[in-house]
Amino acid sequence: MLRNIKKLLAIACVTMAVGAITIPNLVSAQNTSSIPNSTQKRNRNYGDAMKQLNLTDVQKAELKKIREKSRGDRQNVLTPEQRAKMQQARQSGERKGVKNSLGLTDTQKQQMKAIGATTKTQVQNVLTAEQKLQLEKIRQERRSR
């Protein structure tokens with residue numbers, strides 16, 4: 001009888017030890033994602049804002065084209081070394097302060113500013129008057145945080 005209790009206790013201890021090791025690994029494996037948290041948050045915030053605007057499918061497609069073109073234009077302004085730095089920051093999720101560390105020339109800064117202004121104008125042209133007001137309201141709320 002005492003042997004059976006000892007065996008049962010030993011099995012229970014081994015089972016608990018194995019469980020204590022494997023369960024945290026399983027949980028962390030389920031929580032990991034290929035997109036860093038800052039990117040997920042930024043994409044989620046952008047998506048939330050776009051949902052609030054009640055965009056049509058045509059508007060969504062237009063805005064996607066505008067974003068892709070803007071991203072490509074910005075990439076073309078950067079040197080290969082600067083692009084590599086941006087890519088590395090994007091992959092690591094550490095994007096804070098990366099722009100300042102790129103060492104952009106005055107010409108590059110002007111080009112980036114022009115691309116941003118053009119993109120903003122194009123986005124405004126896609127939106128209705130009500131959506132423009134709603135977007136401005138969303139921006140002001142975010143600035144106040």
Side-chain angles (χ1 to χ4, degrees), residues 5 7-145:
I5 292 174
K7 284 182 185 179
L8 190 58
L9 189 59
I11 292 171
C13 287
V14 171
T15 304
M16 286 177 34
V18 171
I21 293 170
T22 58
I23 289 176
N25 292 334
L26 291 173
V27 170
S28 67
Q30 290 175 350
N31 290 336
T32 57
S33 171
S34 62
I35 303 173
N37 285 339
S38 63
T39 304
Q40 287 175 334
K41 186 174 181 180
R42 188 181 71 250
N43 288 342
R44 184 176 55 243
N45 288 341
Y46 179 80
D48 291 345
M50 293 299 111
K51 285 178 186 174
Q52 291 176 13
L53 295 179
N54 296 322
L55 298 170
T56 65
D57 290 339
V58 173
Q59 286 176 313
K60 288 176 186 177
E62 281 295 315
L63 291 176
K64 185 175 181 180
K65 283 184 207 173
I66 292 168
R67 280 194 320 273
E68 288 172 356
K69 183 178 182 328
S70 174
R71 186 178 302 124
D73 291 346
R74 290 177 197 271
Q75 289 291 317
N76 290 335
V77 169
L78 300 174
T79 64
E81 294 82 16
Q82 291 168 329
R83 277 188 229 128
K85 246 186 191 180
M86 287 290 286
Q87 182 66 25
Q88 182 181 9
R90 194 175 294 124
Q91 289 174 347
S92 70
E94 296 293 326
R95 300 183 74 176
K96 196 171 191 175
V98 172
K99 243 185 200 180
N100 296 333
S101 71
L102 290 177
L104 296 175
T105 65
D106 289 338
T107 305
Q108 286 176 314
K109 289 177 185 177
Q110 289 173 348
Q111 289 173 329
M112 292 288 203
K113 203 172 204 177
I115 292 167
T118 302
T119 302
K120 186 174 181 177
T121 302
Q122 289 173 341
V123 168
Q124 292 290 323
N125 290 337
V126 171
L127 301 177
T128 66
E130 291 173 4
Q131 289 169 331
K132 290 176 190 176
L133 290 173
Q134 183 68 23
L135 182 60
E136 188 55 37
K137 183 180 172 185
I138 293 167
R139 285 181 179 158
Q140 287 176 353
E141 287 174 4
R142 287 191 180 159
R143 286 181 196 135
S144 67
R145 286 186 211 157

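Judged as a side-chain contact (heavy atoms from CB on, under 4.5 Å), and not counting sequence neighbours, the contacts of Q140 are E136, R143. Legend: residues meeting side-chain contact (heavy atoms from CB on, under 4.5 Å) with K65, ordered by chain and number and at least two apart, are E62. With sequence neighbours left out, the side-chain hydrogen bond (donor to acceptor under 3.5 Å, both in side chains) criterion links D73 to K69.
Annotation: E130, atom CD; neighbour count of heavy atoms from other residues, nucleotides and ligands within 6.0 Å does not exceed 12. Few gaps surround CD on Q87; more than 12 heavy atoms of other groups in view lie less than 6.0 Å from it.
Atom CD1 in I115 sits 8.0 Å away from atom CG in N76 (nearest 0.5 Å).
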Identify all side-chain donor-acceptor contacts of residues 79-86 below 3.5 Å with residues at least two apart in sequence or on another chain.
unit_1: T79; atom_1: OG1; unit_2: E81; atom_2: OE1; d: 3.4
unit_1: T79; atom_1: OG1; unit_2: Q82; atom_2: N; d: 3.2
unit_1: T79; atom_1: OG1; unit_2: Q82; atom_2: OE1; d: 3.3
unit_1: Q82; atom_1: OE1; unit_2: T79; atom_2: N; d: 2.9
unit_1: Q82; atom_1: OE1; unit_2: Q108; atom_2: NE2; d: 2.8
unit_1: Q82; atom_1: NE2; unit_2: L102; atom_2: O; d: 3.2
unit_1: Q82; atom_1: NE2; unit_2: Q108; atom_2: OE1; d: 3.3
unit_1: R83; atom_1: NE; unit_2: Q75; atom_2: O; d: 2.8
unit_1: R83; atom_1: NE; unit_2: L78; atom_2: O; d: 3.4
unit_1: R83; atom_1: NH2; unit_2: L78; atom_2: O; d: 2.9
unit_1: K85; atom_1: NZ; unit_2: S101; atom_2: O; d: 2.9

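Residues K64 and K60 have side chains not in contact (no heavy-atom distance under 4.5 Å, counting atoms from C-beta outward).
In this structure a side-chain-to-backbone donor-acceptor pair under 3.5 Å is missing from Q134 to L53. Of the possible donor and acceptor atoms, one in the side chain of Q59 sits under 3.5 Å from a partner among the backbone N and O of V126.
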*Under the side chain to side chain contact (heavy atoms under 4.5 Å, CB included) rule, what do L127 and L55 come out as? Steps first, then yes or no, please.*
CA-CA 8 Å; L127 301 177; L55 298 170; 3.6 Å; yes
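The shortest heavy-atom contact between Q124 and L135 is NE2-CD2, 4.2 Å.
Pairs engaging residues 109-123 under the side-chain hydrogen bond (donor to acceptor under 3.5 Å, both in side chains) rule: S70-T119 [sequence neighbours left out].
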